[in-house]
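A short worksheet on the structure shown next.
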Amino acid sequence: TGKAQFTSWHDFKFKQGDVVKISGGYIKSWKGIPQLTFDEKASVKKLDSSKLSKAKVQTQKLPLYELVEKRGALDIEVEGTVIEIRDGSGLIMRCPECKRALQNDECKIHGKVKGKPDIRTKIVVDDGTGSVNSIMGREITEMLLGKTLEECKKMAEKSKDGHALTDMMRSLLFARRINIQGNALGDEFGTTII
């Protein structure tokens with residue numbers, strides 16, 4: 001009734017949509033996300049796919065305090081109020097090799113590079129029981145702003161101080177109640193929904 005990432009150290013010839021019962025694996029956690037691992041010693045039995053409907057595998061809706069306690073989870077939904085638009089929101093440059101956000105035109109891995117433009121939204125959401133960070137990529141940011149990456153680039157170029165885009169984000173999102181769906185990762189900096 002939930003979702004988990006898995007690593008199989010043996011090719012069981014899985015196909016998308018297969019329903020299987022796995023015995024003899026183990027669960028570990030990475031940044032709060034459970035991961036199933038198994039190999040050829042595991043018992044893997046393919047089941048009738050009609051026995052488990054997709055409707056039974058639902059997105060898990062959680063209050064924020066529970067998500068923070070879990071320190072991460074796959075396929076969750078939370079609701080809260082945007083209490084901060086974080087630095088690093090708006091127009092950013094990414095490494096053309098690894099897609100990491102650049103700091104001062106440098107990639108942590110590839111050094112000085114000519115970056116590719118992108119946009120993202122980084123926010124803090126609170127529901128009264130806890131708060132989490134959330135990072136939303138280009139597609140969702142374009143949808144939230146009602147502007148394409150190209151329009152955002154032009155907006156940033158016209159802005160004297162370069163803050164027009166983040167100011168727009170603040171006016172559209174700050175103090176708004178929103179639902180967020182995604183995967184949550186926990187680390188020493190807290191819980192972040194991607």
Side-chain angles (χ1 to χ4, degrees), residues 1-10 12 14 16-39 42 44 52-90 92 94-95 97-103 107-109 118-144 169 173-194:
T1 60
K3 295 182 182 179
Q5 298 170 340
F6 74 89
T7 301
S8 173
W9 294 104
H10 177 75
F12 287 98
F14 292 138
Q16 188 167 345
D18 280 352
V19 175
V20 296
K21 178 178 180 178
I22 300 167
S23 303
Y26 62 92
I27 300 289
K28 61 182 182 172
S29 181
W30 178 77
K31 292 192 174 193
I33 295 178
Q35 296 179 327
L36 171 63
T37 303
F38 54 98
D39 59 21
V44 176
L52 180 68
S53 71
K54 287 185 180 182
K56 287 186 178 181
V57 182
Q58 298 178 2
T59 299
Q60 188 178 11
K61 189 164 186 173
L62 298 173
L64 290 179
Y65 81 90
E66 195 173 317
L67 181 59
V68 171
E69 285 175 2
K70 284 181 162 205
R71 303 214 15 99
L74 280 178
D75 196 25
I76 53 91
E77 178 181 349
V78 298
E79 183 177 337
T81 302
V82 177
I83 62 170
E84 182 182 352
I85 310 299
R86 308 270 327 259
D87 289 342
S89 292
I92 61 168
R94 292 198 180 275
C95 175
E97 299 284 323
C98 67
K99 310 295 185 249
R100 282 181 166 78
L102 301 180
Q103 301 290 325
C107 171
K108 289 180 182 180
I109 306 297
D118 195 8
I119 52 174
R120 70 178 176 193
T121 305
K122 294 176 76 175
I123 60 174
V124 178
V125 178
D126 189 298
D127 72 351
T129 70
S131 63
V132 296
N133 299 302
S134 182
I135 302 173
M136 293 168 267
R138 175 181 173 179
E139 186 178 312
I140 293 173
T141 298
E142 286 178 330
M143 190 174 56
L144 286 170
M169 288 177 163
L173 298 173
F174 184 74
R176 305 277 181 186
R177 192 103 177 137
I178 63 171
N179 280 352
I180 301 173
Q181 288 184 0
N183 297 330
L185 306 173
D187 60 20
E188 65 272 13
F189 301 110
T191 303
T192 301
I193 301 171
I194 308 293

Take Thr141 and Thr121, measure what side chain to side chain donor-acceptor pair (under 3.5 Å) needs, and give me the verdict at the end.
-> CA-CA 6 Å; Thr141 298; Thr121 305; 2.9 Å; yes

If you measure from CH2 on Trp9 to CG on Asp39, what distance do you get to the nearest 0.5 Å?
-> 10.0 Å

Does CD in Gln181 sit with more than 12 non-hydrogen atoms of other residues, nucleotides or ligands closer than 6.0 Å?
-> yes

Could you tell me whether the side chain of Ser89 and the main chain of Lys122 form a donor-acceptor pair under 3.5 Å?
-> yes

Drop me the distance from Glu69's CD to Leu64's CG, to the nearest 0.5 angstrom.
-> 11.5 Å

What closest approach, in Å, do Met136 and Ile123 show between heavy atoms, and which atom pair accounts for it?
-> CE-CD1, 3.3 Å

Val78 side chain near Asp127 side chain, heavy-atom distance below 4.5 Å = no

Within 6.0 angstrom of Gln16 CD, more than 12 heavy atoms from elsewhere | no

Side-chain heavy atoms of Ile92 within contact of Arg120, under 4.5 Å = yes

Shortest non-hydrogen contact between Lys31 and Asp187, atoms and distance | NZ-OD2, 4.1 Å

Neighbour count above 12 (heavy atom, 6.0 Å) for Asp87 CG | no

Nearest heavy atoms of Met169 and Gly90, plus distance in Å = CE-N, 3.4 Å

Drop me the distance from Ile135's CD1 to Arg86's CZ, to the nearest 0.5 angstrom.
-> 8.5 Å

Taking all heavy atoms of Glu79 and all of Arg177, pick out the closest pair and write down the distance.
-> OE2-NE, 3.3 Å

In terms of ring plane angle, is the pair Phe14 and Phe38 parallel, tilted or perpendicular, where the classes change at 30° and 60°?
-> perpendicular

Interatomic distance, CG@Leu185 vs CG@Asn133, rounded to 0.5 Å, equals 11.0 Å

Ile109 and Glu97, any side-chain heavy atoms less than 4.5 Å apart | no

Residues Ile33 and Leu74: closest non-hydrogen pair is CG2-CG, 3.5 Å

Counting only N and O atoms by type, is there a donor-acceptor contact under 3.5 Å from the side chain of Asn183 to the main-chain atoms of Asp75?
-> yes

Should Asp126 and Thr81 be marked as a side chain to side chain donor-acceptor pair (under 3.5 Å) after you check the CA-CA gap, both sets of side-chain angles, and the distance that decides it?
-> CA-CA 5 Å; Asp126 189 298; Thr81 302; over 6 Å; no

To the nearest 0.5 Å, atom CD1 of Ile22 lies from atom CZ of Phe6 at 7.0 Å

Would you say Leu67 and Ile193 make side-chain contact, with heavy atoms under 4.5 Å?
-> yes

Does atom NZ of Lys99 have more than 12 heavy-atom neighbours, drawn from other residues, nucleotides or ligands, at distances under 6.0 Å?
-> yes

Going through the checks in order, is the side-chain contact (heavy atoms from CB on, under 4.5 Å) test met by Thr7 and Gln35?
-> CA-CA 8 Å; Thr7 301; Gln35 296 179 327; 6.0 Å; no

Arg94 side chain near Arg138 side chain, heavy-atom distance below 4.5 Å = no

What residues form a ring pair (Phe, Tyr, Trp, His ring centres under 6.0 Å) with Phe174, not counting sequence neighbours?
-> none

Would you name the heavy atoms of Ala4 and Pro34 that are closest together and state the gap between them?
-> CB-O, 4.0 Å

